[in-house]
Number of protein chains: 2
Amino acid sequence: MDKRIYELQRTLEALADPTRLRIVGLLAGGEICVCHIHEALQIPQPKASRHLAYLRQAGLVETRRDGLWVHYRLAQPEDASVRTVLNAAVHTLGHMPTSQADEKRLTKHVPRRLSKRGRLPIVACCGG
Amino acid sequence: MDKRIYELQRTLEALADPTRLRIVGLLAGGEICVCHIHEALQIPQPKASRHLAYLRQAGLVETRRDGLWVHYRLAQPEDASVRTVLNAAVHTLGHMPTSQADEKRLTKHVPRRLSKRGRLPIVACCGG
DNA sequence: GTATAATATACGCCAGCACGAATATATGGA
DNA sequence: TCCATATATTCGTGCTGGCGTATATTATAC
């Protein structure tokens, strides 16, 4: 099995979970620290941490430590097929009610997003 | 959890397997019957059949019976996010050595593809 | 009817992952 | 040093899905 297919498979596995999809949807708007993620998604902290670790191992997110806080942001994967699929998922998530509600809940705690680092370009609109 | 996210998750799960990715890569070129799929991929027939059933349950492929043969082709899912992700995967698969080798092995048994039904439009090139 | 070819399903086994709960590991401050 | 906060990891459990093998189904031909 060639490496390209394996990378693509690993990316799809990493995205194939509702919690991780919601996290990716939030991160599309810029970097966020773990506490805001699990508050916005209304999930237990260990759950958020576990899924973030999964995404990081898959190379889809990167971290930046700032004192006690750890900020997560979307990565720019090297593999072109990984970027294509990640872009597609990020884009469609923007249209989802769940992601929009998560974003709304987030901005209640974080009035202004501090950074847009890691935001990915939108390739094409799916119409949805 | 809203239905849109669930549909997206189910699609990603269906694609997150190397065998199913190779099948989708083959089907991008038009409909194929089961026997040619398992020959081109050099996998046991029950394995091909199982994965095809999985893809069908996820709504990513459709079938057409013709005597003893059952031809599979890519579906045009209703959900826009599903189409977007499927398109992305199909497109990147076209660039993969494994898929190109599968296609080459297929055309050895099937000199000319009979139909292009089910072929999906390419939205954007990933450069890979 | 019976035989044969193409396809689908059932079975038993094993690996991986999601979960809640509890605990461990930082980091910064008094 | 000791405490508090933020984050990460571990443990035990249940479920899902992959595999090879064997068998069942469906359709055609004789």
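Protein chains get the first letters and strands the later ones, always in sequence-line order, with residue 1 at the start of each.
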Chemist: Go through A/Asp79 and A/Thr11 one step at a time and tell me if the side chain to side chain contact (heavy atoms under 4.5 Å, CB included) criterion holds.
Modeler: CA-CA 10 Å; A/Asp79 189 290; A/Thr11 300; over 6 Å; no

Chemist: What closest approach, in Å, do B/Ala75 and B/Pro77 show between heavy atoms, and which atom pair accounts for it?
Modeler: O-CD, 3.2 Å

Chemist: Any donor-acceptor pair under 3.5 Å linking the side chain of A/Arg10 with the backbone of A/Gln57?
Modeler: yes

Chemist: Write down the distance between CD (A/Gln57) and C1' (D/dT9), rounded to a whole number of angstrom.
Modeler: 12 Å

Chemist: If you round to the nearest 0.5 Å, how far is OG1 of A/Thr19 from CG of A/Leu55?
Modeler: 10.0 Å

Chemist: Between B/Lys47 (NZ) and D/dG20 (P), how many Å, whole number?
Modeler: 5 Å

Chemist: Rounded to the Å, how far apart are A/His51 NE2 and D/dA8 C1'?
Modeler: 14 Å

Chemist: Rounded to whole Å, please give me the gap between CG in B/Leu68 and C1' in D/dA29.
Modeler: 10 Å

Chemist: Distance check needed: D/dG17 P versus B/Leu55 CG, whole Å only.
Modeler: 13 Å

Chemist: Atom CZ of A/Arg64 and atom P of D/dA6: how far apart are they, to the nearest Å?
Modeler: 17 Å

Chemist: Hey, where on DNA chain C does chain A first and last touch, going 5' to 3'? Cut-off is any atom under 4.0 Å from a heavy atom.
Modeler: C/dC17 to C/dG28

Chemist: Of the nucleotides D/dT9, D/dA27, D/dG18, which has the atom closest to the A/Arg50 side chain?
Modeler: D/dT9

Chemist: Transitively linked via ILVMFWY side-chain contacts under 4.5 Å: B/Leu106 with B/Ile37?
Modeler: yes

Chemist: Checking B/Asp2 side chain against B/Ile5 main chain: does a donor-acceptor pair fall under 3.5 Å?
Modeler: yes

Chemist: Please determine if a side-chain N or O atom of A/Tyr54 lies less than 4.0 Å away from the OP1 or OP2 oxygen of D/dA8.
Modeler: no

Chemist: Looking at B/Ile32, is its backbone amide N or carbonyl O close enough to the side chain of B/Arg73 to form a donor-acceptor pair, meaning the two atoms are under 3.5 Å apart?
Modeler: no

Chemist: NA contact type, A/Arg20, heavy-atom cut-off 4.0 Å: base, sugar-phosphate, or nothing?
Modeler: sugar-phosphate

Chemist: Judged by each residue's nearest nucleotide on DNA chain C, which is more toward the 5′ side, B/Arg65 or A/Pro46?
Modeler: B/Arg65

Chemist: Using whole Å, report how far CG of B/Asp66 lies from C1' of D/dA27.
Modeler: 11 Å

Chemist: Please state how far atom CD1 in A/Ile32 lies from atom C1' in D/dT7, giving the value in whole angstrom units.
Modeler: 16 Å

